[in-house]
Amino acid sequence: MPTVKIDGIEVEVPAGTNMIEAARKVGIDIPHYCYHPHLSIAGNCRMCLVDVEAGGRGPDIACNMMARDGLAIRTDTPQVATMRRATMEFLLKNHPLDCPICDQSGECRLQDYYMEYGQYESRLSDPKVTKHKRVDIGDHLVLDAERCIACSRCVRFGDEITGTGELRLFNRTDHTEIGIFPGARIQHDYQGNLADICPVGAITNKDFRFTKRVWYLKETDAVCTECATGCNVRVCHQQGQVFRLLPRRNDAVNKSWMCDHGRQAFEAITGLDRLLRARVQGQPADLDDAVAAAATLLREAGGGVAVVLGHSASNEANWALLKLTRDNLPNATVYAVAGNDPGAWDRSDDFLMDADKNANSAGIAALMAHDPAIRDRSDLVQALADGDVDVMLVLGDDVLGRLGADGAGVRVIHVGSFRCTTSDAATVVLPAAHPYEQDATWTNRDRRVQRGRRAIHPAGDSEPAWALMERLGAALGKAPGATSAAAAFKSLASSVESFSGMTYQSLGNGGAVLASPPSPPTDDEDALETIHA
Amino acid sequence: MNLPVEQKRTFLERIYLVEIVKGLAITLRHALHNLFKQDFETFEYPDVRKEMPERYKGAHRLTTRPDGRVKCVACMCCAQVCPAKCITIEAGELDDDPIEKYPVEFQIDMLRCIYCGFCVEACPKDAIRMDTGIYEINAFTRQDMIHDKAYMTDLMAGKKPLAESFYRAHQDAAPPGYDLEEDRVLPVDEPRGL
Ligand code: SF4
Ligand code: SF4
Ligand code: SF4
Ligand code: SF4
Ligand code: FES
């Protein structure tokens, strides 16, 4: 590994690391626009110019300067400041005074660096070059060509990440203008990322347009639970309301990206299908009464009790449900029903959007490896057909919808966040918190356990599913015994082999991969086929 | 810490009598003066109103563009700077206007406003001013103390504001580029009417 020197500080970095990343390692920020860690290097904004002290000729751009032994650069010389100031002057020469109406304002690199390297007095005597404004370039995007600094990040995103190549820089010099080919329109599923990577307000997000100034938003690290990929996200919220999601960098999962469906999924939190109140026999009820009613149903079941784990529910909730069943309902059978809910979104590809729309399928697989008594989809179909199920306790998933069953003769207890066939047929409904309303972990398709943090308070009467399991356990006689999500996870980690040694601290922001591969669920091929069809 | 030191009083002060007579003398002097000269500084409010100085910070108004729309672009600078956090703005988009953004609603809770004028200073569009000279800001309900967009725009359009724009009255003090018609400083080159 080569050792380089930045402002006199020596640092050892892997070969192939550029000087922007190397400087980041020692806490030095080199201003840059066109460089993005997950795109190729273009080297056209010139903002990252630094002085080369030894090991090369300078000044040179840091983004395209790869670490090699003996290389020493300086970012703190007066010459570097002059170069940055000059670059800023060029970038801002024709820039419109749009900050008051620009959604990027507050997180704009032009604004940030201007505070440090601004010229403050304009030396421009000619009229500014005007370009296209408010161009509709995609379902989720608005383009303002005047604000563009021609960094070509968006062009490279289209060429390298989505491979769709709609965007290009047209014309030359001052008249360089970003745009899409005539008649083209950006239609891929990753549009929001273009707004994210545009370092200025040239490409902005239509869905977020003018809804909130970014400086009012608080950010919470969470995980998207819309499919098995589990993209790392930041939930931007204010006063209990979520305004947007941004991808959070995790090189092992989603790099810096996320899909547009996941980005807008927070809208369901306040959607019409959200379950906010407990219900008993279709009537709104107190949470306590509903839990008591559920406990009575389970205790006094005439026939078999089926407990169905939730493929989209958290590890904590599933573990609490399993534990509660084993402790209180010795005669119950635990099932896991793979497959997607009917009506789930159906886009998928080989990049981020997985065909499996359950956030925690791998977590369920780990529980099934731990407890071989957990039955699968076909067993539940059989049991329902045989009339062996009197009471069914369902966590999150739309089990009846998945099986295409009507649930006649079965009394259902549904613990979930959203209305579905199962909740409609349910005798008791317990409202569960949305993933962004709770601390919990989900296991993604690569068996990475990832932690989401609570961004906002659970809406209505809803509570995290693990907490509802605690209530239900207490009503049945023996609660799983966790007082917090962390405790629930600790209990899981101490009991299930593949989770052993994990804690919320050790998961950190990047997550951790499950220990040993669980044996694949046996005869679940039907379900998998439905998913991957 | 500096505690107030008790004042030493002289003997004459301590018997009070002399001081009382002094006080009565002042009252008597004013009474006699007003009786014969009648040049006192008292206004027969509300029949007579004092002309407020140009820079008096009265009720806020929202200024308008020549086409009648508010100049405000809902940038939230005023709401951000307001120390009383009394400005609430809901932004929206104008489809037929190059200025794109406007306030769908703009409210100031006058019960919370401390009349610091920071909002006026922060505004990059000269869209909010406190130059109406209106100091009677009162109402029978709390709700009515919340001035909304329509009300604050009307202060300009309907009732004539008591004080004209400062630069309109003092054109010699106006900065270069000041346009009397639009009552604002125009940018050197203004491509889209921004
Ligand atoms: S891109 Fe940045 S500098 Fe340009 S108008 Fe938007 S916020 Fe202002
Ligand atoms: S639109 Fe944004 S990302 Fe694309 S070239 Fe311009 S500044 Fe860069
Ligand atoms: S005068 Fe001061 S307190 Fe009143 S609205 Fe303006 S900024 Fe807020
Ligand atoms: S600062 Fe001016 S333009 Fe911005 S929101 Fe307030 S009144 Fe409107
Ligand atoms: S970041 Fe190096 S030239 Fe743009």
Side-chain angles (χ1 to χ4, degrees), chain A residues 92-108 111 114 120-136 140-147 174-175 177 201-218 238-239 241 243-244, chain B residues 62-65 69-107 109 118-128 149 175-177 184-194:
Chain A
L92 289 171
K93 194 159 68 82
N94 287 308
H95 201 83
L97 284 168
D98 272 358
C99 298
I101 59 164
C102 180
D103 265 340
Q104 191 80 4
S105 191
E107 55 182 7
C108 174
Q111 288 182 330
Y114 185 76
Y120 297 105
E121 295 272 324
S122 171
R123 293 194 286 165
L124 186 73
S125 53
D126 294 340
K128 285 185 181 180
V129 178
T130 55
K131 293 171 187 170
H132 293 96
K133 292 183 83 73
R134 190 157 43 172
V135 190
D136 177 26
H140 299 282
L141 299 174
V142 189
L143 169 72
D144 189 306
E146 278 184 356
R147 297 179 197 154
D174 264 6
H175 297 271
E177 178 168 348
I203 299 181
T204 48
N205 196 316
K206 225 182 249 178
D207 307 299
F208 181 62
R209 192 162 165 84
F210 301 159
T211 53
K212 203 80 204 162
R213 284 311 217 173
V214 296
W215 56 81
Y216 290 114
L217 296 174
K218 294 192 170 53
Q238 190 207 14
Q239 292 180 349
Q241 195 186 343
F243 286 90
R244 66 170 179 180
Chain B
L62 291 178
T63 58
T64 48
R65 297 189 242 141
R69 282 181 171 152
V70 288
K71 281 187 188 171
C72 171
V73 295
C75 71
M76 314 284 166
C77 287
C78 54
Q80 177 65 24
V81 78
C82 175
K85 294 277 163 278
C86 59
I87 305 182
T88 313
I89 303 168
E90 189 196 322
E93 182 161 7
L94 283 174
D95 290 326
D96 58 345
D97 196 308
I99 300 182
E100 297 179 26
K101 199 179 175 190
Y102 81 112
V104 180
E105 187 48 280
F106 191 122
Q107 295 182 337
D109 186 345
F118 282 6
C119 49
V120 179
E121 305 250 336
C123 181
K125 295 283 164 196
D126 188 18
I128 187 167
K149 182 179 154 190
R184 63 173 178 142
V185 179
L186 296 178
V188 183
D189 138 57
E190 192 174 57
R192 297 165 313 279
L194 265 182

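Letters go in sequence order (proteins before strands), and every chain restarts at 1. Computed from heavy atoms alone, side chains included, the values below leave out hydrogens, waters and symmetry copies.
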Exercise for the section: Starting at NZ of B/K125, measure out to CG of A/L97 and round the result to the nearest 0.5 Å. Expected result: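 B/K125 atom NZ to A/L97 atom CG measures 7.5 Å (nearest 0.5 Å).
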
Handout entry: Rounded distance [0.5 Å steps], CG in A/D103 versus CD in B/E100
Key = 9.5 Å

Problem - Set of ring pair (Phe, Tyr, Trp, His ring centres under 6.0 Å) partners for A/Y114, sequence neighbours left out - result: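 For A/Y114, the residues satisfying ring pair (Phe, Tyr, Trp, His ring centres under 6.0 Å) (neighbours in sequence not counted) are A/Y120.
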
Practice task
For B/F118, look at atom CZ and say whether over 12 heavy atoms of other residues, nucleotides or ligands are found less than 6.0 Å away.
Solution key: no

Handout entry: Shortest non-hydrogen contact from B/V73 toward A/I101
Key = CB-CG2, 3.5 Å

Exercise for the section: Anything in residues 75-84 of chain B with a heavy-atom distance to chain A below 4.5 Å? Please list those residues in order. Expected result: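 Residues in range: B/C75, B/M76, B/A79, B/Q80.
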
Practice task
Heavy-atom distances under 4.5 Å only: say whether A/R134 touches chain B with side chain, backbone, both or neither.
Solution key: both

